[in-house]
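Please read the structure below before turning to the comments.
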Amino acid sequence: ILNVEQSPQSLHVQEGDSTNFTCSFPSSNFYALHWYRWETAKSPEALFVMTLNGDEKKKGRISATLNTKEGYSYLYIKGSQPEDSATYLCAFHAGNNRKLIWGLGTSLAVNP
Amino acid sequence: ETGVTQTPRHLVMGMTNKKSLKCEQHLGHNAMYWYKQSAKKPLELMFVYSLEERVENNSVPSRFSPECPNSSHLFLHLHTLQPEDSALYLCASSQDLRREQYFGPGTRLTVT
């Protein structure tokens with residue numbers, strides 16, 4: 001059974017704090033790892049699609065790293081802003097599968 | 001605005017009703033998806049279409065019936081639903097089955 005775990009489940013930080021959270025996924029048969037941001041009352045929005053072990057991707061103040069051998073990815077937010085408040089979802093794509101396996105997400109609240 | 005639209009945004013239906021959800025993508029993508037989002041559960045893939053052919057049917061009850069008349073449109077026909085089918089139904093599209101997905105705003109369905 002393929003399982004994707006995200007931690008923590010929720011996080012409250014102050015504006016300006018940097019934060020990070022984790023996505024764990026099966027270390028075998030890896031194809032890709034996706035990160036999405038889902039703001040309340042909006043649609044999930046793709047942040048990164050990561051495919052290479054050791055890869056690091058960046059989009060503004062948000063960055064992500066990938067370790068396919070041990071099966072984890074970190075998402076970092078530098079200098080959190082209230083507009084970063086959202087649920088951050090990761091999804092694992094196995095090599096022999098057409099579908100994404102989704103985590104439950106980390107709910108981030110940034111207090112002004 | 002993601003380029004994926006869904007109608008209606010909200011739907012209340014009785015268990016004996018028949019209704020349809022509609023999704024349209026304006027991105028020129030070749031793959032489309034139906035997801036179910038229930039409280040405290042991961043996103044649950046229901047159906048995947050690639051080039052108008054159904055490639056994944058994730059053990060979904062027959063009271064949900066998808067239709068993909070062309071690569072830009074996807075429908076989910078609903079009949080004799082149960083209260084536990086109440087959820088947010090999200091449509092998504094992607095360039096192909098391996099790329100990031102673009103989500104619509106969802107239909108909030110309540111079955112009474």
Neighbour count above 12 (heavy atom, 6.0 Å) for [X] [atom1]:
X       : atom1 : result
B:Gln82 : CD    : yes
B:Phe47 : CZ    : yes
A:Glu15 : CD    : yes
A:Lys57 : NZ    : yes

Which heavy-atom pair separates [X] from [Y] by the least distance, and what is that distance?
X        : Y        : answer
A:Gly103 : B:Pro42  : O-CB, 3.9 Å
A:Ser43  : B:Gly104 : OG-O, 2.9 Å
B:Glu100 : A:His34  : CA-CE1, 3.8 Å

With A:Ser85 via side chain to side chain contact (heavy atoms under 4.5 Å, CB included) - residues at least two apart: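 Checked A:Ser85 against side chain to side chain contact (heavy atoms under 4.5 Å, CB included); matches are A:Val110.
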Under 4.5 Å between side-chain heavy atoms, hopping through other hydrophobics if needed: is there a path connecting A:Tyr36 to B:Val48?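 Same cluster: A:Tyr36 reaches B:Val48 through Ile, Leu, Val, Met, Phe, Trp or Tyr contacts under 4.5 Å.
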Is it possible for you to say whether A:Leu47 and A:Tyr74 belong to one hydrophobic cluster, with membership spreading through side-chain heavy-atom contacts below 4.5 Å?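 Shared cluster, no.
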Measure B:Leu45 against the heavy atoms of chain A and call it side chain, backbone, both or neither at under 4.5 Å.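 Looking at B:Leu45, just its side chain touches chain A.
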Rounded to the nearest 0.5 Å, what's the gap from [atom1] on [X] to [atom2] on [Y]? Could you check?
X        : Y        : atom1 : atom2 : value
A:Leu89  : B:Gln37  : CG    : CD    : 7.5 Å
B:Leu43  : A:Leu104 : CG    : CG    : 9.5 Å
A:Ile101 : B:Glu44  : CD1   : CD    : 11.0 Å

Can you tell me which portion of A:Tyr31 sits under 4.5 Å from chain B's heavy atoms? Options are side chain, backbone, both or neither.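 A:Tyr31 touches chain B through side-chain heavy atoms alone.
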Option that, when pairs with chain A are counted at under 4.5 Å, heavy atom only, ranks first among B:Lys40, B:Arg99, B:Arg98, B:Gln101: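 The candidate making the most pairs under 4.5 Å is B:Arg98.
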Determine whether the aromatic ring centres of B:Phe103 and A:Trp38 lie less than 6.0 Å apart.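 Between A:Trp38 and B:Phe103, which both carry aromatic rings, the centre distance is not below 6.0 Å.
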